[in-house]
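Throughout, a chain's letter reflects where its sequence line sits, starting with A, and its residues are numbered from 1.
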Amino acid sequence: MTKFSDLNLNPKVLKAVEDAGYETPTPIQAAAIPPALEGRDVLGIAQTGTGKTASFTLPMLSLLSRGRARARMPRSLVLCPTRELAAQVAENFDTYSKYLKLTKALLIGGVSFKEQDKLIDKGVDVLIATPGRLLDHFERGKLLLTGVQIMVVDEADRMLDMGFIPDIERIFSLTPFTRQTLFFSATMAPEIERITNTFLSAPERVEVARQATASETIEQGVVMLKASRRDREASEKRNLLRALIEREGDKCTNAIVFCNRKVDVDIVAKSLTKYGYDAAPIHGDLDQSQRTRTLDGFRAGDLRFLIASDVAARGLDVPAVSHVFNFDVPSHAEDYVHRIGRTGRAGRDGKALMICIPRDEKNLAAIEDLLQKAIPRVDNPLQSGTAPEAEAEAAPAPEKKAAKPRVSRRSKKSEEPKTDAPAAKAEETPKPQEAAEAPVAAPVAAQEAAPEPQQPAPKPERKERSSRRGGGGGSDRGRQDHGGGKVTGMGDHLPGFIALSFDERRTR
DNA sequence: AAAAAAC
């Protein structure tokens with residue numbers, strides 16, 4: 001079996017890889033690194049979690065190890081669709097370049113130009129950027145791309161989804177045509193194929209081998225929810241979410257809760273917080289500093305629940321989470337696979353639970369169609385006869401609190417949450433009489449009225465993770481952090497359909 | 001239909 005030491009990497013890069021605890025490359029690394037080191041273009045068809053990041057980071061560093069950058073003329077360029085992804089790639093470069101004297105700059109939006117300008121002026125070997133900010137720098141005349149020898153496009157299919165393709169084409173056209181191009185995409189949409197035909201020259205095509213599908217290590221379930229009244233739907237979804245979390249108990253050490261809309265991310269995060277859960281939101285409308293802080297906290301194990309839009313669905317290198325909750329059914333079936341792929345990583349067990357309301361049944365069917373498998377229906381803990389005991393535990397003395405109107409406390413303006421959460425307000429003033437009438441609502445009211453702060457999950461295990469992070473970051477990692485099980489290289493498990501070849505996928 | 005990304 002191939003080892004990193006067989007790949008002809010620069011010795012200093014190899015040393016950093018070994019320091020990080022890696023010996024055996026993943027399939028995509030083994031296949032992409034040799035041609036990349038020879039200076040060839042590479043077209044990588046791979047999903048996050050396959051070790052993709054290292055498959056371009058390691059050869060790039062090796063190739064750049066000699067030479068020096070000139071002012072405003074970066075020698076290489078990595079383009080990523082989201083800021084978090086770019087930051088993550090930057091961390092990877094730091095990890096594997098620690099024995100080299102290479103300079104690096106991260107150009108992403110949401111932060112000041114000043115620092116970025118300073119770095120560019122000094123000259124950088126590696127520039128990691130999101131397209132918008134990169135072009136912004138270029139248009140200010142701060143940046144010349146004519147010195148780019150290696151260009152990487154990461155997650156091209158997502159760039160396509162986000163409308164970045166014109167930007168990518170423009171950036172390509174600003175770099176010398178003699179550059180080496182490493183291009184990665186999870187799928188090969190016709191538009192992507194067109195770009196690669198235009199900008200890559202005789203690329204080595206590297207597809208990840210078929211592997212175990214994510215669904216084999218992820219236990220999936222969907223709860224069907226029909227709201228008692230249409231105007232209560234949102235609130236009842238939140239009740240159900242809490243009940244699902246409670247039912248998982250200690251098994252749920254940390255989780256990502258995905259919502260389709262940014263407003264709902266805010267509302268759900270606020271609602272969970274109000275009920276004593278350790279939760280924080282992340283989506284594109286939040287300050288970059290807050291996004292970074294939240295994500296770092298979650299990675300470090302200081303935050304138990306990350307409430308996220310699809311900004312966090314793909315590519316993010318989050319340590320194994322025990323659970324993914326889909327508060328909404330994603331409307332793109334493929335997003336489901338990406339979302340639940342945040343759990344069950346590196347062969348660990350994971351659980352993915354989703355809430356489906358009648359309106360979402362069509363999307364659910366599309367997901368099952370894609371998976372070619374039905375997602376097991378699971379009981380609604382608030383409706384079935386099995387749940388009440390569990391609930392009583394979770395919500396001590398509900399009778400007392402239910403009777404007590406909590407409106408007065410809320411009437412102080414100063415206590416209003418900053419973000420407007422109209423739907424959340426309905427929750428805060430439960431109406432006992434109505435609750436008694438509706439069969440569904442009775443347990444709901446009990447839950448609502450008892451925002452008993454629950455114990456955060458035991459922390460010791462999660463603390464460990466924070467130390468690992470400093471230790472090397474890995475790539476799209478499959479860290480060998482689980483007990484005895486053997487993991488090869490930095491690999492991870494893949495959803496089956498992603499591992500299919502182009503032709504196979506086309507015919508599906 | 002929404003999310004992401006530039007000011």
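Heavy atoms of His332(A) sit under 4.0 angstrom from at least one base atom. When heavy atoms are screened at a 4.0 angstrom cut-off, Arg291(A) is found touching the sugar-phosphate backbone but no base atom. Residue contacts shown for Pro81(A) are limited to sugar-phosphate atoms, with no base heavy atom under 4.0 Å away.
Phe327(A) has its CZ atom 17 Å from the C1' atom of dA3(B), to the nearest Å. Rounded to a whole Å, the CD atom of Glu155(A) is 13 Å from the P atom of dA5(B). Atom pair Gln116(A):CD and dA5(B):P shows a separation of 14 Å (rounding to whole Å applied). Rounded to whole angstrom, the span from the NE2 atom of His137(A) across to the P atom of dA6(B) amounts to 10 Å. At whole-Å resolution of the value, CG in Asp136(A) and P in dA5(B) are 14 Å apart. Note: CG (Asp310(A)) to P (dA5(B)) measures 12 Å, nearest angstrom. Here dA5(B) presents its P atom at 9 Å from CD1 of Ile108(A), a figure rounded to the nearest Å. We find that CG of Leu85(A) is positioned 12 Å from C1' of dA4(B), with the value rounded to whole Å.
Residues from residues 159-175 of chain A with heavy atoms under 4.0 angstrom of DNA chain B, sorted by number: Asp161(A), Met162(A), Phe164(A).
The side-chain contact (heavy atoms from CB on, under 4.5 Å) test applied to Thr146(A) returns Met73(A), Leu144(A), not counting sequence neighbours. The salt bridge (charged side-chain N to carboxylate O under 4.0 Å, His left out) check on Lys237(A) picks up Asp328(A), with sequence neighbours excluded. Every residue meeting the side-chain contact (heavy atoms from CB on, under 4.5 Å) condition with Arg75(A), not counting sequence neighbours, appears here in chain and number order: Leu64(A), Ala69(A), Leu102(A), Asp125(A), Gln149(A). Scored by the side-chain contact (heavy atoms from CB on, under 4.5 Å) test, Arg68(A) finds no partners at all (sequence neighbours excluded). For Asp41(A), the side-chain contact (heavy atoms from CB on, under 4.5 Å) test picks out Gln180(A), Thr181(A), Leu200(A), Ser201(A), Pro203(A), with sequence neighbours left out.
When the nucleotides dA1(B), dA3(B), dA5(B) are ranked by their closest atom to the side chain of Lys262(A), dA3(B) comes out on top. Taking only side-chain atoms of Ser309(A), from C-beta outward, the nucleotide of dA3(B), dA5(B), dA1(B) with the closest atom is dA3(B). Residue Arg83(A) has its side chain nearest to dA6(B) when only dA6(B), dA4(B), dA3(B) are considered.
In terms of heavy-atom proximity, Pro358(A) sits nearest to Lys226(A) at CG-CD, 3.9 Å. Minimum interatomic distance between Ile355(A) and Leu244(A) (heavy atoms only, all atoms of both residues): CG1-CD1, 4.0 Å.
Taking side-chain N and O atoms only, Thr130(A) has a distance below 4.0 Å to OP1 or OP2 of dA6(B).
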